[in-house]
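Have a look at the structure below before the remarks.
When a ligand or atom number is given, it counts from 1 through the structure's own listing order. Fair warning: this is a prediction, and the values are worked out from it, not measured in the lab.
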Amino acid sequence: MARRLEPGTRVIIATHNRGKFREIVELLAPYRLDPVSAGELGLPEPEETAEDFVGNARLKALVAARAGGEAALADDSGFSLAALGGAPGLYSARWGGPAKDFALAMRRVAEALGDHPDRRAWFSCALSLAWPDGETASFFGRVEGHAVWPPRGERGFGYDPMFVPLGADETFGEMEPARKHAISHRARAFEALAAACLPLLDPHIGETGKR
Ligand code: ITT
């Protein structure tokens, strides 16, 4: 059984991606932990050398937990197109080039896709929690949908403006953040993480924090 974090524990959010950091902090909000970003602590950004999302998330979480001396949570995620055999997938961040330009990354995806009739797309997310002693727990989530072009919406980050999840009309870039959090790849992985490793919520405490 995975170790559970106590309320009030400081947790390093081992990402240098501001969009991800914001979403993870929002997802963590009900659990009364104390999140701090790896960037704020000046922790290094390790090379992502694993062969899958879980491997990379685990690697990032372990490096941060060992360097920071506290529990660390990392996310490795990506956007995939069926017509491109799952690309950009694990290499989603790299498609933005050194400037991490996602307008460029989306354009590259749209060009690779051309007028291919298969527009099926999905986001994947692995979340790993690591402790400084080397223990880790990892969780995975995925959301299916289709790609649209041109991109739509200013919300979210990364490839959000070109992805419409199944059952919706809006892209993740147009959607209220709360709607994205109800169905996203990250939210699905987070649900499993919360069930196994986050402090248990008092069911009598409402959104106001009062019983
Ligand atoms: P860290 O490794 O520091 O966390 P990164 O941006 O390099 O940051 P990844 O290697 O996991 O992170 O790359 C995932 C990329 O996939 C990310 O840069 C986004 O462009 C994209 N992505 C992941 N989740 C997304 C989401 O919810 N919406 C849109 N794009 C997303």
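Of all atoms in ligand 1, numbered sequentially from 1 with element shown, those under 4.0 Å from a heavy atom of Ser92 are 15 (C), 16 (O). The atoms of ligand 1 that sit less than 4.0 Å from any heavy atom of Asp75 are 4 (O), 11 (O). Every atom of ligand 1 with a heavy atom of Asp76 under 4.0 Å away is listed here by number and element: 9 (P), 10 (O), 11 (O). Within ligand 1, the atoms closer than 4.0 Å to a non-hydrogen atom of Thr15 are 1 (P), 3 (O), 4 (O), 8 (O), numbered from 1 in the order shown. Distances below 4.0 Å separate heavy atoms of Phe123 from the following atoms of ligand 1: 25 (C), 26 (C), 28 (N), 29 (C), 30 (N), 31 (C). In summary, the atoms of ligand 1 found under 4.0 Å from a heavy atom of Gly158, numbered by their order in the structure, are 20 (O), 29 (C), 30 (N). Distances below 4.0 Å separate heavy atoms of His185 from the following atoms of ligand 1: 24 (N), 25 (C), 26 (C), 27 (O). The ligand atoms of ligand 1 that sit less than 4.0 angstrom from a heavy atom of Lys180 are 26 (C), 27 (O), 28 (N).
Put simply, the side chain of Glu191 never gets that close to the backbone of Arg188: no donor and acceptor are under 3.5 Å apart. Side-chain atoms of Arg58 never come within 3.5 Å of backbone atoms of Ala50 as a donor-acceptor pair (strictly under, hydrogens ignored). In this structure, Thr171 contributes its side chain and Arg152 its backbone to a donor-acceptor pair below 3.5 Å.
Neither the backbone nor the side chain of Phe79 has a heavy atom within less than 4.0 Å of ligand 1.
Of the protein's non-hydrogen atoms, the one nearest atom 14 (C) of ligand 1 is Ser77 O, 2.9 Å. Looking at atom 24 (N) of ligand 1, its nearest protein heavy atom turns out to be Arg186 NH2, 2.9 Å. Nearest protein neighbour of atom 3 (O) of ligand 1, counting heavy atoms only, is His16 N, 2.8 Å. At the shortest separation from atom 8 (O) of ligand 1 among protein heavy atoms lies Asn17 CB, 3.4 Å. In this structure, the protein non-hydrogen atom closest to atom 12 (O) of ligand 1 is Lys20 NZ, 2.8 Å. Ranking the protein heavy atoms by distance from atom 28 (N) of ligand 1 puts Asp160 OD1, 2.6 Å first. With hydrogens left out, the protein atom closest to atom 30 (N) of ligand 1 is Tyr159 N, 3.1 Å, a heavy atom. Looking only at protein heavy atoms, the nearest one to atom 13 (O) of ligand 1 is Ala93 CB, 3.4 Å.
Listed here is the closest heavy atom pair of Ala61 and Leu129: CB-C, 4.5 Å. Of all heavy-atom pairs between Leu43 and His16, the closest is O-NE2, 3.3 Å.
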Yes or no on salt bridge (Lys or Arg N to Asp or Glu O under 4.0 Å) for Arg120 and Glu144, after CA distance, side-chain angles and deciding distance? CA-CA 8 Å; Arg120 284 172 302 154; Glu144 315 270 344; over 6 Å; no
Check step by step if salt bridge (Lys or Arg N to Asp or Glu O under 4.0 Å) holds for Glu6 and Arg4. CA-CA 7 Å; Glu6 295 290 323; Arg4 200 175 278 282; over 6 Å; no
Just do the side-chain hydrogen bond (donor to acceptor under 3.5 Å, both in side chains) check on Thr15 and Asn17 with the steps written out, would you? CA-CA 5 Å; Thr15 177; Asn17 178 318; 5.3 Å; no
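Considering only non-hydrogen atoms, atom 18 (O) of ligand 1 lies nearest to Phe102 out of Trp95, Phe21, Phe102.
By the 4.0 Å N-to-carboxylate-O rule, Lys180 lies close enough to Asp160 to be salt-bridged with it.
Between Asp76 and Val54, every side-chain heavy-atom pair lies at or beyond the 4.5 Å cut-off.
Taking the six-membered ring for Trp and the full ring otherwise, the centers of Phe102 and Phe157 sit at least 6.0 Å from each other.
With sequence neighbours excluded, the residues satisfying salt bridge (charged side-chain N to carboxylate O under 4.0 Å, His left out) with Arg155 are Glu176.
Heavy-atom separations between Phe172 and ligand 1 are all 4.0 Å or longer.
Polar contact with ligand 1: absent for Lys100 (N/O pair, distance under 3.5 Å).
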